[in-house]
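Working notes, beginning with the structure itself.
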Protein chains: 2
Amino acid sequence: MNEVKHISFFEVASKVLKALGHPERLRIVEYLQAGERNVGDIQREIGLSQPITSQHLRYMQRHNILTSRREGTRLYYFLASDLIRKLLDCMHSCKVSLDSGDMQVGDIFPEIKRSI
Amino acid sequence: MNEVKHISFFEVASKVLKALGHPERLRIVEYLQAGERNVGDIQREIGLSQPITSQHLRYMQRHNILTSRREGTRLYYFLASDLIRKLLDCMHSCKVSLDSGDMQVGDIFPEIKRSI
DNA sequence: GACATATATAGCAAAAACGCTATATTGGTG
DNA sequence: CACCAATATAGCGTTTTTGCTATATATGTC
């Protein structure tokens, strides 16, 4: 017994990337960078319906992006690992580069002329 | 006319993350960090069939992860943007943390006991 | 043009992701 | 226990992804 799962870094990392590869989920984890938030907070902040919000959160928990902690009737979700935090830092520094004009959106999506 | 597409950073970033969210594709882009390579090189290095290799490469080109350059009968693919390079650097530093033992795979995937 | 090599595409079936509505569960309070 | 607020799940139709086999296209050489 005592089965040991063998999984490469690429497997782990690609699962994480895939789970983050959704605009609303990315918004959610960015929001959670500031600290844990309960479902209602997240729902209001991101502007999604209750079921969709819950589904994204569950999905991310299943994919090891988030963990949760119950407090009475509320569920608080928070970032689950340092890999996630590192990735978000990286995304953030890219965002800053974009905003400051050091990098153009066209560098990433050539067909797009302008963006927010 | 002169339509201007409006797209947020989250949209751009999540598309990139999603496109990178596949183990073989992640292997491919990591391989391409060293510089451009043609389809045959990539196929042999990663160990995929020719059609699958081509499909992944096309997919990533469509999603602005890669660009290509033809040289005779060969097609050379290479990383398309600084965002990709930054992300890969980030992944790499996480990989190093994992390898050096500073970070445990269990920090990312709690149910996994051990990994390569 | 015939042929070889390198790469791309078509077509298909299985699986997964997505968004939605309706309904269920869980915990707290009286 | 009844009831409310917070959150999760079921079920469903649509779309996207994935991997595969077979076939097509493009380029170079003779």
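Convention: sequence-line order gives letters A, B, ...; per-chain numbering from 1.
With 3.5 Å as the limit, one finds a donor-acceptor pair spanning the side chains of A:R58 and A:Q61. Defined by atom type and a distance below 3.5 Å, a donor-acceptor pair is present between the side-chain atoms of A:E11 and A:S8.
Salt bridge present: A:R69 and A:E36 bring a charged side-chain N and a carboxylate O closer than 4.0 Å. Ionic pairing of A:R27 and A:E30 is not present here: no N-O contact between side-chain nitrogen and carboxylate oxygen is shorter than 4.0 angstrom. Looking at A:D89 and A:K86, no side-chain N of the basic residue comes within less than 4.0 Å of a carboxylate O on the acidic one, giving no salt bridge.
Contact annotation: B:H22 reaches the phosphate of D:dG19 (side-chain N/O to OP1 or OP2, under 4.0 Å). Using a 4.0 Å cut-off, no side-chain N or O of A:H56 falls inside it from OP1 or OP2 of C:dA17. In this model, the phosphate group of C:dC18 is approached by a side-chain N or O of A:R25 to a distance below 4.0 Å at OP1 or OP2. Distances shown here put every side-chain N or O of A:Y59 at or beyond 4.0 Å from the OP1 or OP2 atom of C:dG19.
In terms of position on DNA chain C, the residue among B:T73 and A:G21 whose nearest nucleotide sits closer to the 5' end is B:T73.
In this structure, the CZ atom of B:R44 is 12 Å from the C1' atom of C:dT5, given to the nearest Å.
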Polar-atom pairs under 3.5 Å, protein N or O versus N or O of nucleotides 9-13 of chain C: list them with distances, or write none.
| unit_1 | atom_1 | unit_2 | atom_2 | d |
| --- | --- | --- | --- | --- |
| C:dT9 | OP2 | B:R58 | NE | 3.3 |
| C:dA10 | N6 | B:Q55 | NE2 | 3.4 |

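Nucleic acid contact class of B:Y76 (heavy atoms, under 4.0 Å, all strands): none.
Between the side chain of A:R85 and the backbone N or O of A:L87, no donor-acceptor pair lies under 3.5 Å.
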